[in-house]
Protein chains: 2
Amino acid sequence: MSNNGEGRDPALVQSVDRAVAVLELLARNGEAGITEIAAELGVHKSSASRLVYTLQARELVEQEGERGPFRIGIGMLRFAGAVSGQLDYVRVGGPVCSALADRLGETVNIAILDSDVALNVSQARGSSAVAAQNWIGQRTPLHATSSGKVLLAAAPPAEQERLLSGDLESCAPGTITDPVKLRCVLRRTAEDGFATCMEELEAGLHAVAVPVFGSRGDVVAAISAAGPAYRLSQKRMPEIVEELRVASRDLSVRMGHPVL
Amino acid sequence: MSNNGEGRDPALVQSVDRAVAVLELLARNGEAGITEIAAELGVHKSSASRLVYTLQARELVEQEGERGPFRIGIGMLRFAGAVSGQLDYVRVGGPVCSALADRLGETVNIAILDSDVALNVSQARGSSAVAAQNWIGQRTPLHATSSGKVLLAAAPPAEQERLLSGDLESCAPGTITDPVKLRCVLRRTAEDGFATCMEELEAGLHAVAVPVFGSRGDVVAAISAAGPAYRLSQKRMPEIVEELRVASRDLSVRMGHPVL
DNA sequence: ACCCTCCGTTGCGTATTGCGGAACTGGGTG
DNA sequence: CACCCAGTTCCGCAATACGCAACGGAGGGT
């Protein structure tokens, strides 16, 4: 009834799970009111209210003014700083992304491999006034993104096969859903040192990515530029790839990996 | 019994509140095991286990290897990117911090006033190889930090008095614990437009901070440089303050506040 | 190689606790 | 002025999360 019913892991603590769902909703929507939250989660307004109240007491949620909608709060920063390991990409990656985004005028992302998806850890918007959506923390399919292909192409063969044998969901008209074709693309990616993504994730969206190398020459992340198809034409790719390579080297150095 | 008993707001959702406490504990300690968490929160191991399990399912917590301690997980990034309002300091502040940290060779921080503490929202390390601790998200006392003094000096008198009348905890040999003396220091801070902090937070640690102004000429944040006492000598202060002022103006402009 | 200890998980019964329903408050609007 | 919509408060019920205790599984010490 309250939940959309069926398969809920009984070992989960319901209210905590719901609270996190609230946070995810706010992170996605930017802001929301109690009624909206309640509707989205499928719980009663009163439940939503208490959940939000609790999060608010810890400053994980804050509200616009006295009687406005709710958003993610500053208290969240306490945790953001504690994300270990991959944190470095976030902190160090920020400036690199910004600089490149300024130069290219396109949105730049840094992504890492996280189990079966590409996880965006850092982002900077290009000059376009379009309030492009926030991709940070977003998980995108490996086979339908430029970053994903780069990361996948560098993964150990066993891992690669495991992911290839999975379900290649179609996201947009151009998505590669054929394992054979994808395997071929990945081989080329490894050879070329970059991957493109032409309307494979979203119609009208193009992207290019190059790998970021760690200290042992292994691929630890991917840095990509994305923008509307008409701006990221095939013709412009070489130029962008070159810019991305520079940024990638910069990133490697800043992360303490000597240039090879 | 389970909780330390008395004054718990009954409107709080207990398990959610505990879950957040788990996250805060992890953020503070870096990592912890179930038993430790349970002990710290004063709950049973099984409760702690389920709480952590739930957070883990949402990737807010991850564990080192298969059987290791728990830490804050990558899923947290989803939210970090969504911190609105003050987020700007994080994104915009990053490059400014980096640039200044490079020039000075010292650690640079941006902090904002968050209820009764100074909250660090952005940081960049200086050239020193010392893996200085990460201050992002850390809450530091207003009376024992340079940023804190700057923020406090700019707070409305009523607020200032309220905080002054509270408990001025001693953090290091030099901490100012006398309200009268602190009031005097704050007056000077307001006049000079900067504040120092000489071994008041930690022995051997010096810092200087200047205010960052918002569009209405109000103080919205503080930017500070910190380093070992022998490097941040009294003599070097004027030079650093000047650099900080430049960065502060830069920051104001980037945040869309016209220079006055 | 054994046992012993320490840590985390699982099953279970209970009552605490969080939930949903409805009534209340308080602003904004026609 | 009356209506409407958003959020909070109160209350009683039972679902839910809790504590307990017993169970596996890894080290580590002798």
Side-chain angles (χ1 to χ4, degrees), chain A residues 1-23 25-26 29-73, chain B residues 1-23 25-26 29-73:
Chain A
M1 49 220 62
S2 65
N3 247 335
N4 26 25
E6 16 49 67
R8 196 192 121 246
D9 187 340
L12 286 174
V13 178
Q14 190 189 52
S15 36
V16 173
D17 199 52
R18 287 178 175 175
V20 180
V22 168
L23 292 174
L25 172 64
L26 289 178
N29 282 17
E31 53 179 45
I34 293 287
T35 312
E36 188 182 346
I37 294 173
E40 196 89 14
L41 299 205
V43 300
H44 197 266
K45 281 198 301 178
S46 65
S47 306
S49 177
R50 271 181 298 245
L51 247 28
V52 170
Y53 176 77
T54 306
L55 293 171
Q56 198 178 11
R58 296 284 197 162
E59 296 185 284
L60 298 193
V61 154
E62 65 190 11
Q63 78 181 310
E64 171 93 39
E66 185 73 35
R67 188 166 291 277
F70 296 85
R71 328 157 161 175
I72 297 291
Chain B
M1 47 224 64
S2 66
N3 247 334
N4 26 26
E6 18 50 63
R8 197 192 120 245
D9 188 342
L12 286 174
V13 178
Q14 192 188 51
S15 37
V16 173
D17 198 53
R18 287 178 174 174
V20 179
V22 169
L23 293 174
L25 172 64
L26 290 178
N29 282 18
E31 52 180 47
I34 292 287
T35 310
E36 188 182 347
I37 294 173
E40 196 90 15
L41 298 206
V43 301
H44 198 266
K45 283 196 301 179
S46 65
S47 307
S49 176
R50 273 181 291 250
L51 246 29
V52 170
Y53 176 76
T54 305
L55 293 171
Q56 198 178 11
R58 296 282 196 162
E59 294 186 287
L60 298 192
V61 154
E62 65 189 10
Q63 76 181 312
E64 172 92 39
E66 185 73 34
R67 188 165 290 276
F70 296 85
R71 327 157 162 177
I72 297 291

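Just so we're on the same page: letters track the sequence lines, and every chain starts at 1.
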| said: In whole Å, I'd like the distance from the CG atom of A:L12 to the C1' atom of D:dT16. | reply: 13 Å
| query | Could you state the CD-C1' distance from B:Q14 to C:dG18, rounded to the nearest angstrom? | reply | 10 Å
| note | The reported gap from CZ in A:R50 to CG in B:L12 (rounded to nearest 0.5 angstrom) is 11.5 Å
| task | Determine the interatomic distance between C1' on C:dC19 and the same-named atom on C:dA15; round to the nearest Å. | result | 15 Å
| note | The complete set of side-chain hydrogen bond (donor to acceptor under 3.5 Å, both in side chains) pairs with one or both residues in residues 34-43 of chain B, sequence neighbours excluded, reads B:N29-B:E36
| message | Taking D:dA15 as the reference, what is the distance to D:dC11 when you measure between their P atoms (whole Å, please)? | response | 22 Å
| Interatomic distance where CG belongs to A:D17 and C1' belongs to D:dT16 [whole Å] | 14 Å
| query | Below 4.0 angstrom from OP1 or OP2 of C:dG18, is there any side-chain N or O of A:R18? | reply | no
| query | Whole Å only: how far is the CG atom of A:L55 from the C1' atom of C:dG18? | reply | 15 Å
Hey, what are the protein-to-nucleotides 5-11 of chain D N/O distances that come in under 3.5 Å?
| residue | atom | partner | partner atom | Å |
| --- | --- | --- | --- | --- |
| D:dG7 | OP1 | A:I34 | N | 3.3 |
| D:dG7 | OP2 | A:I34 | N | 3.2 |
| D:dG7 | OP2 | A:T35 | N | 2.9 |
| D:dG7 | OP2 | A:T35 | OG1 | 2.8 |
| D:dG7 | N7 | A:K45 | NZ | 2.8 |
| D:dT8 | OP2 | A:S49 | OG | 2.7 |

| task | Mind listing the closest non-hydrogen atom pair of A:I37 and A:A48 along with its distance? | result | CG2-CB, 4.3 Å
| field | For B:A21, side-chain contact (heavy atoms from CB on, under 4.5 Å) partners two or more places apart | value | A:R58, B:L41
| task | State which residues pass side chain to side chain donor-acceptor pair (under 3.5 Å) with B:T54; sequence neighbours excluded, sorted by chain then number. | result | none
| request: State which residues pass side-chain contact (heavy atoms from CB on, under 4.5 Å) with A:S49; sequence neighbours excluded, sorted by chain then number. | output: A:I34
| Terminal axes of the helix from C:dT17-D:dA14 to C:dG30-D:dC1 (five pairs each): angle between them, nearest 10 degrees | 0°
| field | With B:V16, the side-chain contact (heavy atoms from CB on, under 4.5 Å) member among A:L60, A:V13, A:L51, A:D17 | value | A:L51
| query | With sequence neighbours left out, what residues match A:E31 under side chain to side chain donor-acceptor pair (under 3.5 Å)? | reply | none
